[in-house]
Amino acid sequence: MSPELTRLLVQATLDTLQMVAVAAAIGTLVGLPLGVFLATSGRGELLAAPWANRVLGLVVNATRSTPFIILVVAIIPFTRLIAGTSIGTSAATVPLTVAAIPFIARLVEGAVREVDGGLVEAARAFGASPLQIVLKVLIPEALPGIVLGLTLAVVSLIGFSAMVGAVGGGGLGDLGIRYGYQRFMPEMMLAVVVVLIVLVQLVQTLGDRLARRMNKRLRHG
Amino acid sequence: MTAPVRVPVPADLSGRLDPRDALVRLEGVAKTYTARRGAGAVTALEDIDLSVPRGRVLGVIGRSGAGKSTLIRLVNGLERPSRGRVIVGEAEISSLSESALRRERRGIGMIFQHFNLLSARTAAGNVALPLEVAGTDKAAIRARVAELLDLVGLGPQADRYPAELSGGQKQRVGIARALATNPKVLLSDEATSALDPETTRSILDLLGRINRELGLTILLITHEMAVIRAIAHEVAVLDGGRIAESGDVFEVFTRPRAAITRTFLDEETGRTLPPALAARLTPGPVPAGQGDGKQAVLRITFRGPHATDPVLAQLTRDLDIPAGILSGTVDEIAGRPFGTLVVGIPPDAATVTRATEFLAARGLDVEWLGTLDLAGWQRTAAPGASDSSHVA
């Protein structure tokens, strides 16, 4: 591969990393509390707010059921409002983030629901407030599950980020389409795929290791 | 005029000034669960009047579904009564707001059947949690946690995670956590039901010690007689959401009035006939002239000072009535000796009456269980023959 092409590959990898990192970060910032709320606001639950729970659940489901490529196109006006443009790496970050939030929220909700209800009862019994129960019991106990969920979300985001290439976003997907496919450069296509595989592998290994370290339910030695 | 001098009374001593003073009171409490979608409402508790005197251990015994769990959860407001009042100390738990209730709960510790420890926190971290929630400062938490872990004998395990502890050790952490905020009452929700007998004993010993040394009032629920016998001073027998019988443990266990209490007592060894003999017991007296190979079966209950009297020897010597022991036990309940003896004597009505009067005159409780027919048994029990009651 020529130095020029290598430079393109490196740039595209950095773009992908940037898109995924920003989407995952904002997605977690919003998705984590949203997921915790969804898990605790049902009827008769800790932060019972059945109506808010139902409405947010609907919004989350609607976003989750829209195919990503359609979501990208559908929210172009919103993307323009936020990023000032609808093409390029920073523009592509907007739909990625919008997709990441409900995805992460559902994963976090699942992890929080896995926490033994007896722990919540014990915490109530010694006088903890709902907020204290969320912060000191539910989130710490759900953390290994949350980390695994976030790992899954990041891996999916890497895949999604390749799709934004199709609508003018930057990154590895864009590079693969334009050079590997349209200009018929199989070595570029192969390089893009290899970089993606390595990225996903790294993220998954790191996530698994972190989750295992946090999980104190297993006996260590 | 001089200002009145206030003498601070230590918490554990003030309780002993009037031991009958109730710390926990349930007055006319009922709890009904309104089922959703057409299904009828479920009544979990009805007409519950119960009080736990300061510094005492009250055990509530009942089968699963009797309403024990609901009852104990009413005391710290995890459940609200449908009717009636729940009072702990000065506070009427049943009418407090959620935030006022949270403050009161710091004065009410609770331990659980499945321990309910946080897996992500060490033993010390779990004990520290109620203190963190109460806003205690870090240095004070550290000192208090170390003191509590020493109290329950877990000092060396402070940095272990629950997954690295045995069941008994987990419950000790649970107890330390429940005591962290210096509660005036401890609620125990089947705390030993998930433990083996030996560990159960050590946990009950610990609870008994805490009751005596710290003067802590304990309300426990259980389905096991052995738990009540081991540490309770008073007992309430719960059946179908109502209190069938309650009072001093020794009184209730040695003179049970409710049928449900008797069935709990019958699970104790020595109080009833072994199954093989029970199968050959028929209620009522023997028709005259058919007493061959039969015995009248009496259950004699020894209470307190009479528990070790040699009454069988007296029965034989003074009345010339031969008595054979079928089953028996001598133990103590709430620190007082208590024995049960099931004996067989000649089956004629006159002998039974004479023996019963003789024993009753010596302060013993006598029950006539019926007539035992041993004739068939002794034949079929010969080598090679199989006995139906042994098949199982």
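Here is how names work: the chains are called A, B, and so on, in the same order as the sequence lines, proteins then strands, and each is numbered from 1.
The parts of B:Leu118 that come within reach of chain A are both its backbone and its side chain, each placing non-hydrogen atoms under 4.5 angstrom from that chain.
When each of B:Pro183, B:Gly107, B:Ala120 is checked for heavy-atom pairs under 4.5 Å with chain A, B:Ala120 comes out on top. In terms of heavy-atom pairs under 4.5 angstrom with chain B, the leader among A:Pro140, A:Ala123, A:Gly117, A:Ala122 is A:Ala122. Options A:Glu141, A:Gln132, A:Lys136 differ in how many heavy-atom pairs under 4.5 Å they form with chain B, and the most are formed by A:Glu141.
Residue A:Glu114 qualifies as open at atom CD: its count of foreign heavy atoms under 6.0 Å is 12 or below. Few gaps surround OH on B:Tyr33; more than 12 heavy atoms of other groups in view lie less than 6.0 Å from it. Few gaps surround CD on B:Glu98; more than 12 heavy atoms of other groups in view lie less than 6.0 Å from it. Residue B:Arg63 qualifies as enclosed at atom CZ: its count of foreign heavy atoms under 6.0 Å is above 12.
For the pair A:Ser129 and B:Arg102, the minimum side-chain heavy-atom distance is below 4.5 Å. Two residues are said to be in side-chain contact when any heavy atoms from C-beta on lie closer than 4.5 Å; B:Asn116 and A:Val120 fail this criterion.
Atoms CG and OG, from A:Asp116 and B:Ser119 in turn, are 9.5 Å apart once rounded to the nearest 0.5 Å. In this structure, the separation between CG on B:Asn76 and CZ on A:Phe126 is 12.0 Å, given to the nearest 0.5 Å.
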Any chance you could lay out the side-chain contact (heavy atoms from CB on, under 4.5 Å) test for A:Leu119 and B:Leu117, step after step, and finish with the verdict? CA-CA 7 Å; A:Leu119 299 186; B:Leu117 301 179; 5.6 Å; no

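Looking at every heavy atom in both residues, B:Ala163 comes nearest to A:Arg217 through CB-O, 3.3 Å.
The pair A:Glu121-B:Arg73 meets the salt-bridge criterion, since a charged nitrogen lies less than 4.0 angstrom from a carboxylate oxygen.
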